[in-house]
Number of protein chains: 2
Amino acid sequence: MNIDEILNNIYPLSDTSKQLLKKSITEVKYKKGYILLRADKIEKNIYFIKKGVARAYSNKDNIEITFWFGKEGDTIISMKSYIANQKGYENIELLEDCELYELKTTNLQKLFDEYIDIANWGRRFAEKELVKTEERLISRQVRIATERYKELLKDNPDLIQRIQLGHIASYLGITQVSLSRIRAEIK
Amino acid sequence: MNIDEILNNIYPLSDTSKQLLKKSITEVKYKKGYILLRADKIEKNIYFIKKGVARAYSNKDNIEITFWFGKEGDTIISMKSYIANQKGYENIELLEDCELYELKTTNLQKLFDEYIDIANWGRRFAEKELVKTEERLISRQVRIATERYKELLKDNPDLIQRIQLGHIASYLGITQVSLSRIRAEIK
DNA sequence: CTCATTTTTTATCATTTGTAAAATTTTACG
DNA sequence: CGTAAAATTTTACAAATGATAAAAAATGAG
């Protein structure tokens, strides 16, 4: 998934605006296991995943709780950093070797104030992330773990192949033992 | 909380833009128990709460699951309707007699395309809702019900007075009986 | 104020889920 | 290819939560 496609999927931009945005974007590569974002830092970049898989996790009583997975086309971002310029909740670990587009957000604010299509790009970006986040929240609230696992299996079968089950169990809000029980049951 | 304050808290608008927005806003009142939004409909309005409390719930196997509360200053919105023009998940029930500002969203899109400060107002609106939604998601993922109850008690003590415990238990993801046990324990 | 209705708490028992540890399978790498 | 390490599954037991029913308390209409 190349950067033009990713940017355009969010909101169509004029050539001028797209060039301005792309001025702040570079391509980077990191190895599996690399910690891209840290919860105790205010992040100045957001990343679009060209290739690879990542997870977000928080530490709670020395236990890592995974609450997000991202793959090709998804955005890696500390919302709190991006929106409120505050420390976020998430550590981001790359679960495969990754190729990423890195967008420096330092002069984004200025672009928002000057170019209406970039402002609307930023609006659309937040809106789309909002719908995704809301879906996750409601799925978590309304469905029990078994159903959420089946949902994940249906919507993202590749993730279950690419990500170890301990992380998936954490993401589903259950223990790995419970997930094993679920998997044994639905076979 | 009046409408100027609510609009300005999201993003400062020029007088012209504010007047344009306010053209689409009227004040409405509904009684306790009124169902303001329905899950099976695409909603054409969003509401800002001037006075009162509301909840969002979804039906799951004939059981209502509450996943949101709103009070003075909060926004009542079907995100799926607003952002994707699709049916949302939520029924919204007013839990008290309410005074609301009703914003018709039909010509909002046009305003976004024409006025940069309205585009940025829309961006900021989505961004702020996003941070709130993310906080709820992460709280739900990382904290157990007891802790979430204590968090609610700390951050919104008034809600626990104003909303019946069955709804709060549902919101916390536990049964009313469990919530009673928690309350008995922490006294 | 009183009585009926709704809401909340308590008690009991059944079920689910978690913890810990062992057994098995898969993966990584020399 | 073989071995060590990591990941996953299984088992047994303990703890937490849920379901149900019933009692107690609070609320509201007349």
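All figures in this text were calculated on a predicted structure; none of them were measured in a lab.
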Establish, with yes or no, whether the OP1 or OP2 oxygen of D:dT9 is under 4.0 angstrom from a side-chain nitrogen or oxygen of A:R183.
-> yes
What's the CG-C1' distance between B:L179 and D:dA16, to the nearest Å?
-> 15 Å
Closest to the side chain of B:S178, out of D:dG18, D:dT10, D:dT9, is D:dG18
Ignoring hydrogens and geometry, is there a side-chain-to-backbone donor-acceptor pair from B:R148 to B:R143 under 3.5 Å?
-> yes
So which nucleotide from D:dT8, C:dG18, C:dT7 ends up closest to the side chain of A:L165?
-> D:dT8
For the pair made of CD1 in A:I182 and P in C:dG18, what is the distance, rounded to whole Å?
-> 9 Å
Protein-nucleotide distance (B:E96, atom CD; D:dT27, atom C1'), rounded to Å | 15 Å
Rounded off to whole Å, could you give me the NZ-to-P distance for the B:K32 and C:dT6 pair?
-> 12 Å
To the nearest angstrom, the CD1-C1' distance between B:I65 and D:dG18 comes to 14 Å
Interatomic distance, A:L172 CG vs C:dT17 P [rounded to whole Å] | 12 Å
Can you tell me how far C1' of C:dT9 sits from CD1 of B:I168, to the nearest Å?
-> 15 Å
Select base, sugar-phosphate, or nothing to describe what A:S180 touches, counting heavy atoms under 4.0 Å on all strands.
-> base
Over how many whole Å does the gap from B:Q176 atom CD to C:dT7 atom P extend?
-> 9 Å
Side chains of B:E64 and B:T66: closer than 4.5 Å at any heavy-atom pair?
-> no
Can you label the angle between the A:F69 ring and the A:Y171 ring as parallel, tilted or perpendicular, going by 30° and 60°?
-> tilted
On DNA chain C, nearest-nucleotide positions of B:G166 versus B:V177: which is more 5'?
-> B:G166
Would you say the side-chain atoms of B:E93 pair up with the backbone N or O of B:A54, donor to acceptor, closer than 3.5 Å?
-> no
